[in-house]
A.B. asks: 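Got a structure for you, written out below as structure tokens; questions coming shortly.
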Amino acid sequence: MTSSALTLRSTVALSSGLTMPAIGLGVYQNPDCKPACLAALEHGYRHIDSARMYKNEGQVGEAVRESGVPREDVFVTSKINKIAGGYQSCTKIINESLNAFGFDYLDLYLIHSPHGGTAARLEAWKALLDTKKAGKFRSVGVSNYNVKHLEEIREAGLEMPSVNQVELHPYCQQRPIVEYCREHGIVVQAYSPLVRGEFENPVLQEIAKKYNKTPAQILVRWSLQHTFVPLPKSQDPERVRSNANVYDFEISREDIQRLDDLDRGKAGAVTWNPVDVE
């Protein structure tokens with residue numbers, strides 16, 4: 001799929017055999033996310049990214065049911081954030097997620113971060129894989145995993161993740177992680193693609209003005225043209241719609257390079273970005 005062919009209904013292929021919508025709505029720090037979810041689904045989004053830590057899985061489930069969009073047409077993700085308790089504890093938390101949503105299955109479930117150590121990460125990963133085998137997850141993956149964390153899974157002889165969700169935007173491009181994921185068939189999702197509203201960079205402002213777009217739209221389009229899967233978030237239904245209005249233009253190769261040149265590595269992160277934990 002070329003960037004010029006992108007639409008709101010574009011998808012990416014996962015190693016699990018599923019397809020995932022190429023843009024999703026993030027609902028982090030949105031305890032009342034139902035209005036945003038309903039606005040997103042009405043506008044044409046078919047992908048919502050939640051987590052146990054967000055405490056809004058129930059609202060996402062309600063929004064999907066009330067939207068009139070068939071459940072099978074909405075790609076829903078959640079994440080487990082407490083993995084130190086071992087396999088049985090992870091299984092309990094996983095079932096709590098499913099009950100909160102009111103769903104029989106989730107399309108994607110992630111380990112939220114690598115915190116906890118190697119043994120805990122591998123036990124949690126086995127719990128996710130077994131839940132997938134049982135039909136409750138359609139795909140499984142990780143979040144905030146660096147190369148060393150992904151290598152732990154490979155070296156253990158376990159199925160590799162379909163997805164790695166990391167902080168990713170022009171200021172923090174996670175290039176070694178992205179390269180590894182592409183080499184191993186792992187789709188990269190981009191959280192905080194809107195740099196938490198830090199739009200003051202003059203290059204970003206100039207490019208937004210050139211294309212007559214908002215900085216947020218430029219950032220989402222940059223992510224899409226790099227074949228990342230951005231997860232822009234907003235509590236404002238109008239901004240939810242605006243963030244996805246990025247399919248009537250294409251950023252030139254030269255301007256993509258200017259945005260690429262803004263990379264500051266880890267110094268450019270605007271979130272916790274825990275990719276270096278042991």
Side-chain angles (χ1 to χ4, degrees), residues 14-18 20 24 26-29 31 48-61 75-167 174 176-177 180-181 184-189 191 231 271-278:
L14 300 181
S15 60
S16 62
L18 296 183
M20 176 172 67
V27 294
Y28 173 58
Q29 289 186 331
I48 300 174
D49 179 83
S50 184
R52 287 301 291 159
M53 189 173 73
Y54 302 169
K55 301 185 185 305
N56 55 20
E57 291 168 315
Q59 289 203 23
V60 173
F75 192 100
V76 180
T77 300
S78 196
K79 313 175 194 75
I80 181 171
N81 65 310
K82 295 180 180 178
I83 64 171
Y87 181 98
Q88 294 299 330
S89 173
C90 289
T91 300
K92 178 177 180 289
I93 294 168
I94 285 165
N95 287 323
E96 289 171 354
S97 265
L98 287 162
N99 290 336
F101 281 108
F103 294 155
D104 295 327
Y105 71 93
L106 290 171
D107 300 276
L108 177 64
Y109 205 78
L110 309 177
I111 297 175
H112 204 146
S113 87
H115 286 100
T118 299
R121 287 192 288 269
L122 291 176
E123 284 299 297
W125 185 240
K126 290 172 185 175
L128 266 63
L129 290 175
D130 287 347
T131 306
K132 182 165 82 80
K133 289 176 185 174
K136 295 180 181 179
F137 298 154
R138 300 180 71 196
S139 301
V140 289
V142 294
S143 181
N144 296 298
Y145 269 41
N146 211 328
V147 171
K148 64 183 178 183
H149 308 123
L150 295 165
E151 276 288 286
E152 288 173 354
I153 296 173
R154 188 186 66 80
E155 290 171 358
L158 299 172
E159 178 183 330
M160 292 294 279
S162 290
V163 167
N164 187 15
Q165 183 183 128
V166 294
E167 177 179 346
Q174 310 275 24
I177 297 174
Y180 180 95
C181 288
H184 291 83
I186 301 169
V187 170
V188 178
Q189 289 184 328
Y191 74 76
L231 303 167
T271 75
W272 63 330
N273 189 34
V275 296
D276 287 331
V277 304
E278 292 300 323

A.B. asks: Counting distance only, does the side-chain N/O of R52 pair as donor-acceptor with the main-chain N or O of I80 below 3.5 Å?
C.D. replies: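 A pair under 3.5 Å: no.
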A.B. asks: What's the spacing between L14 CG and F75 CZ if we round to 0.5 Å?
C.D. replies: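 Rounded to the nearest 0.5 Å, the CG-CZ separation comes to 5.5 Å.
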A.B. asks: Indicate yes or no: at least one non-hydrogen side-chain atom of P274 is less than 4.5 angstrom from one of H115.
C.D. replies: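 Touching, per the 4.5 Å side-chain cut-off.
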A.B. asks: Would you say K79's side chain and S50's backbone share a donor-acceptor pair under 3.5 angstrom?
C.D. replies: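 Side chain of K79 to backbone of S50, a donor-acceptor pair under 3.5 Å: yes, one is there.
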A.B. asks: The criterion is ring pair (Phe, Tyr, Trp, His ring centres under 6.0 Å); which residues satisfy it with Y87, sequence neighbours excluded?
C.D. replies: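 Counting only residues at least two positions away or on another chain, Y87 forms no ring pair (Phe, Tyr, Trp, His ring centres under 6.0 Å).
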A.B. asks: Taking side chain as C-beta onward, heavy atoms only, is C181 less than 4.5 Å from L150?
C.D. replies: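 Answer yes - side chains close enough.
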A.B. asks: Would you compute the distance between atom OH of Y180 and atom NE2 of H149 and round it to the nearest 0.5 angstrom?
C.D. replies: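 Reported to 0.5 Å precision, the distance equals 12.0 Å.
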A.B. asks: With sequence neighbours excluded, what pairs up with Y105 under the ring pair (Phe, Tyr, Trp, His ring centres under 6.0 Å) test?
C.D. replies: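 Partners of Y105 by the ring pair (Phe, Tyr, Trp, His ring centres under 6.0 Å) criterion come out as none, since no residue qualifies.
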A.B. asks: I'd like to know if the side chain of H184 and the backbone of E151 have a donor-acceptor N/O pair within less than 3.5 Å.
C.D. replies: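 Side chain of H184 to backbone of E151: no pair is present.
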A.B. asks: Test R121 against V142 for side chain to side chain contact (heavy atoms under 4.5 Å, CB included), laying out the working first.
C.D. replies: CA-CA 10 Å; R121 287 192 288 269; V142 294; over 6 Å; no
A.B. asks: Verify, without hydrogens or angle tests, whether S139 (side chain) and L108 (backbone) share a donor-acceptor contact under 3.5 angstrom.
C.D. replies: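 Not a single qualifying donor-acceptor pair exists.
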A.B. asks: Which value, rounded to the nearest 0.5 Å, describes the distance between K136 atom NZ and I94 atom CD1?
C.D. replies: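 Between atom NZ of K136 and atom CD1 of I94 there are 9.0 Å.
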A.B. asks: Does the N164 side chain pair with the main chain of Y145, one donor and one acceptor, at a distance under 3.5 Å?
C.D. replies: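 Flag set: sc N164 to bb Y145 pair under 3.5 Å.
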A.B. asks: Locate the shortest heavy-atom distance separating N146 from D276; write the atom from each residue and the value.
C.D. replies: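 Residues N146 and D276, closest heavy atoms: ND2-OD1, 3.1 Å.
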